[in-house]
Amino acid sequence: MTKLLVSLTALALAAPLAAQAQTGQWIVATDRWGNKEYSTLNLVADGKTLTGDWDGDPLTGAVRARRLTFAVTDGRGSVYRFEGAIGRDGIRGTADFPDGNNPSARVRHGFTARRVPDRPAGGPRVHDFRPTDYSNSFSPDRAPVLTIWPGDTVRTVTIDSGGVDAQGVTRALFGNPQTGPFFIAGAAPGDSVIVHIERLRLNRDWADSLDTIVGRALGAELVAEAKGLGKPVRWRIDRAAGIATPENAGAALKGLRVPVRPMLGGLALASGFGSPPLSTGDTGRAGGNMDFPEVIEGNRVWLPVLQPGGLLYLGDGHARQGDGETSQYALETSMDVTFRVELVKRKSVPMPRVESPTELMVLGQAGSLDDALKQASTGLIQWLREDYGLSLAEAAQVMGSAVRFTVPNLAGRSVGVAARIDRALLPAR
């Protein structure tokens, strides 16, 4: 009798486990010689038959109790086979891939898959998320802190670049620790995410900076004298008045009152497969430690999706920053952030774009100012051609008469140059 009860219990448990393999989306992590490659698996179950797609390529297969098998044929005719068991934490199994270096050979890799939650009924939702830990890289391997859908709004907080929160408590390692990542359901490589920055609010009454000048902004005649710089500077913030003042200022700076202009220094999607996870001190194609003073409330930031779900990170709040972040630190502080996500399918921007109510801006990021400027100007020309229908000759005329260049970041390993143009000068779309 006991064995019968155990068997019946096992069958009862197997039913909901097998049901997980029914219609739904999964994120597959294939371990390719220690490197995780992420892909999107859409399954449709009809009885014991499976159909669907794996990153857009069609699949067929079968499910029996807790086990499933399926095969995928890509556009070149290559076949990929998967077999695995469904457990409470997802699917775990083995993938049989063609060897990219030897067409006659095949290679077996372990894989896991997690189910993407179904979208709740109703329209876009508002999520309140309080982080308990933070990331020092824009990694695709960090587990998502929250799944959101296009149109959803998130209210959350960031800590400062040194890892300190609104109460003055150290919560993470220094180096621009980020909140996230947020998994954006439906986002896939080849898409773009638009981050609508709806609200940025300072949540403490001080910020930290330095009294230094970065080497890229310092002439040779000042180098010897500047060796004595680099001391911390505490700024006091009057949030009601929107003013920051240096604490313990000398006589010459007693009257300095700087209006705050909250911005996010860090905003990025995760690095793509084959690239190492980007440090939160660096920048890449999908954003990073951009330190662009126009990543502010009311503006929209376009980022290209390089991983399933995009995996959005944000942090490194500044109460204010001058162009170039020439003091190495801006006015570094913690912040309350509200953002909304929009997904643009099958359109991948080549580099970060920022839209304000009055300007279009493209951020070029490279090891030199020359290369960053080329990226920025090329990116803006591409935008004018794609979305405004201008020929290269027409774009050249617009650029020659109206483009502006600013230098957002001189303090990192990469530098940033922003190409900007007044929207009012452009033809209606």
Side-chain angles (χ1 to χ4, degrees), residues 126-140 142-148 150 152-166 171-173 175-184 187 192-203 261-271 277-307 309-319 321 330 332-343 352-354 363 365 408-409 412 416:
V126 176
H127 306 266
D128 287 297
F129 175 73
R130 304 294 296 188
T132 57
D133 60 2
Y134 301 85
S135 178
N136 283 79
S137 69
F138 301 107
S139 173
R142 182 175 167 87
V145 297
L146 185 68
T147 297
I148 58 178
D152 283 2
T153 296
V154 177
R155 297 186 294 219
T156 189
V157 298
T158 66
I159 55 178
D160 72 16
S161 63
V164 178
D165 69 9
R171 300 291 185 187
L173 184 67
N176 308 317
Q178 304 285 302
T179 300
F182 298 91
F183 183 94
I184 303 163
S192 292
V193 165
I194 306 176
V195 183
H196 297 250
I197 304 173
E198 297 194 336
R199 189 173 187 270
L200 294 181
R201 292 292 185 275
L202 307 178
N203 59 16
R261 192 171 186 261
M263 57 163 283
L264 290 174
L267 188 70
L269 300 180
S271 309
L278 193 69
S279 160
T280 51
D282 290 328
T283 56
R285 181 188 166 202
N289 183 42
M290 298 183 290
D291 289 322
F292 186 20
E294 298 304 326
V295 182
I296 59 172
E297 181 176 310
N299 286 358
R300 312 191 311 167
V301 183
W302 291 64
L303 299 171
V305 177
L306 306 180
Q307 292 283 357
L311 300 172
L312 175 66
Y313 292 86
L314 63 150
D316 187 26
H318 299 167
Q321 179 198 303
E332 310 283 339
T333 192
S334 56
M335 203 167 292
D336 293 336
V337 181
T338 301
F339 68 90
R340 176 169 54 87
V341 292
E342 178 182 346
L343 180 61
R353 296 176 174 179
V354 180
L363 185 62
Q365 301 163 111
N409 180 20

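Between the side chain of Arg353 and the main chain of Ile194, no donor-acceptor pair closer than 3.5 Å is present. In this structure, Glu332 contributes its side chain and Asp316 its backbone to no donor-acceptor pair below 3.5 Å. One N or O on the side chain of Gln321 and one on the backbone of Asp291 form a donor-acceptor pair closer than 3.5 Å. Not a single donor-acceptor pair under 3.5 Å links the side chain of Thr147 to the backbone N or O of Phe183. With hydrogens and angles disregarded, no donor-acceptor distance shorter than 3.5 Å links the side chain of Tyr134 to the backbone of Thr158. Although no hydrogens or angles enter the test, the distance criterion places a donor-acceptor pair under 3.5 Å between the side chain of Gln365 and the main chain of Gly284. A side-chain donor-acceptor contact under 3.5 Å links Gln178 to the backbone of Asn176.
Counting heavy atoms from C-beta on, the side chains of Asn136 and Thr280 come closer than 4.5 Å. At a threshold of 4.5 Å between non-hydrogen side-chain atoms, the residues Met335 and Val157 do not count as touching. Residues Ser139 and Tyr313 meet the side-chain proximity criterion, which asks for heavy atoms closer than 4.5 Å. Val145 places none of its side-chain heavy atoms less than 4.5 Å from the side chain of Pro131. Between Arg142 and Asp133 the shortest side-chain heavy-atom distance falls below 4.5 Å. The side-chain heavy atoms of Val164 and Ile159, taken from C-beta on, include no pair separated by under 4.5 Å. With contacts defined as side-chain heavy-atom distances shorter than 4.5 Å, the pair Pro408/Pro293 qualifies.
Ala143 and Pro181 get closest at one heavy-atom pair: O-CD, 3.7 Å. Nearest heavy-atom pair across Ala268 and Gly287 is CB-C, 3.7 Å. Residues Ala187 and Gly310 share a closest heavy-atom pair of CB-N, 4.0 Å.
Interatomic distance, Asp336 CG to Arg155 CZ, rounded to the nearest 0.5 Å: 11.0 Å. In this structure, the separation between OG1 on Thr179 and CG on Leu314 is 5.5 Å, given to the nearest 0.5 Å. Atoms CZ and OG1, on Arg130 and Thr156 in that order, are 7.0 Å from each other to the nearest 0.5 Å. We find the CG-CG distance between Leu278 and Leu269 to be 11.5 Å, quoted to the nearest 0.5 Å. In this structure, CD in Glu342 is found 10.5 Å from OG in Ser192, a value given to the nearest 0.5 Å. One finds the CD1 atom of Ile296 at 9.5 Å from the CE atom of Met263 (value rounded to the nearest 0.5 Å).
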I'd like to know whether Asp165 forms a side chain to side chain donor-acceptor pair (under 3.5 Å) with Ser334, so could you lay out the CA-CA distance, the side-chain angles of the two residues, the decisive distance to 0.1 Å, and finally the verdict.
CA-CA 6 Å; Asp165 69 9; Ser334 56; over 6 Å; no

Might you work through the side chain to side chain contact (heavy atoms under 4.5 Å, CB included) test for Val301 and Phe292, ending with a clear yes or no?
CA-CA 11 Å; Val301 183; Phe292 186 20; over 6 Å; no

Side chain to side chain contact (heavy atoms under 4.5 Å, CB included) evaluation trace for Ile148 with Thr153
CA-CA 8 Å; Ile148 58 178; Thr153 296; over 6 Å; no

When you look at Leu311 and Phe182, which way does the side chain to side chain contact (heavy atoms under 4.5 Å, CB included) test go after all the steps?
CA-CA 5 Å; Leu311 300 172; Phe182 298 91; over 6 Å; no

Using side chain to side chain contact (heavy atoms under 4.5 Å, CB included), reason through Leu312 and Val195 one step at a time and then give a plain yes or no.
CA-CA 9 Å; Leu312 175 66; Val195 183; 4.0 Å; yes

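Under the side-chain hydrogen bond (donor to acceptor under 3.5 Å, both in side chains) criterion, Asn299 pairs with no residue, sequence neighbours left out.
A salt bridge does not link Arg261 with Glu297: every distance from a Lys NZ or Arg NE/NH1/NH2 to an Asp or Glu carboxylate oxygen is 4.0 Å or more.
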